[in-house]
Amino acid sequence: MSVATDTKQERINLRLKHSAKRALERAASFEGKTVSNFILTSALAHAEKTIHEHEVMSLNSRDSEVFFNALVKPIRFNKKLVAAFEEHDQRVTSK
């Protein structure tokens, strides 16, 4: 069952201009939906797209190979990095 048709337990209220309400009503009628259903399905589609854009990383083959190699090859700490870690341990206290 989709999120839009699950048992309704939550509520969101919003205020909008009269012209915006008319536009939503008109668009909903074109799709044979109620205004609430039209808003919900449209908002959920946009939410899923936004979440996907922020959670999924797509790399071309060259970049994915570079990324994978960076993960599998051990890091070599140079003297400056070792010194930075030691300074961090001296300056920063964890709670």
Side-chain angles (χ1 to χ4, degrees):
M1 202 176 260
S2 75
V3 177
T5 59
D6 287 346
T7 303
K8 297 171 184 154
Q9 297 178 4
E10 301 292 329
R11 180 179 213 65
I12 295 177
N13 295 311
L14 60 115
R15 294 204 172 270
L16 61 159
K17 293 180 181 181
H18 180 69
S19 59
K21 183 179 178 192
R22 281 192 325 222
L24 290 170
E25 290 169 338
R26 186 171 182 212
S29 71
F30 286 146
E31 294 191 4
K33 296 179 179 179
T34 64
V35 173
S36 293
N37 187 262
F38 178 80
I39 291 171
L40 179 59
T41 56
S42 299
L44 285 173
H46 187 73
E48 290 169 4
K49 179 178 178 257
T50 301
I51 290 166
H52 179 79
E53 289 172 355
H54 288 272
E55 290 185 346
V56 174
M57 178 176 39
S58 299
L59 301 174
N60 61 34
S61 61
R62 182 179 151 275
D63 290 341
S64 62
E65 185 176 339
V66 170
F67 181 76
F68 179 76
N69 287 337
L71 292 175
V72 296
K73 289 181 182 175
I75 305 170
R76 293 193 176 195
F77 290 1
N78 62 24
K79 291 178 184 178
K80 287 185 178 183
L81 184 57
V82 171
F85 277 128
E86 289 172 357
E87 185 176 341
H88 173 270
D89 290 342
Q90 293 172 1
R91 290 179 178 234
V92 178
T93 58
S94 298
K95 291 184 179 183

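Quick caveat, the model's predicted, so the values are computed rather than measured. Residue indices begin at 1 and follow the sequence shown.
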#### Entry: Closest approach of K21 to L16 (non-hydrogen atoms, all atoms of both residues)
N-CD1, 3.3 Å
### Query
Out of curiosity, does V72 fall in the hydrophobic cluster containing V66 (side-chain heavy atoms, cut-off under 4.5 Å, transitive links)?
no
### Query
Considering residues, nucleotides and ligands other than E65, do more than 12 of their heavy atoms fall under 6.0 Å from its CD?
no
### Message
So, taking the atom named OG1 in T50 and the one named CD in E55, what distance separates them when rounded to the nearest 0.5 Å?
### Response
11.0 Å
### Query
Does any pair with a residue in residues 24-68 pass ring-ring contact (aromatic ring centres under 6.0 Å, His included), and if so which ones, sequence neighbours excluded?
none
### Summary
Tightest non-hydrogen contact, residues T34 and A28, listed as O-CB, 3.8 Å
### Message
Quick one: does any side-chain atom of S29 pair with a main-chain N or O of R26 as donor and acceptor, under 3.5 Å?
### Response
yes
What side-chain donor-acceptor pairs closer than 3.5 Å can you find for residues 77-88, not counting sequence neighbours?
residue, atom, partner, partner atom, Å
N78, OD1, K80, N, 3.2
N78, OD1, L81, N, 2.8
E87, OE2, R91, NE, 2.8
E87, OE2, R91, NH2, 3.1

### Query
Taking atom CG of L71 as the centre, does the number of heavy atoms from other residues, nucleotides or ligands within less than 6.0 Å exceed 12?
yes
### Message
Contact between I39 and I12 at the side-chain level, heavy atoms closer than 4.5 Å - yes or no?
### Response
no
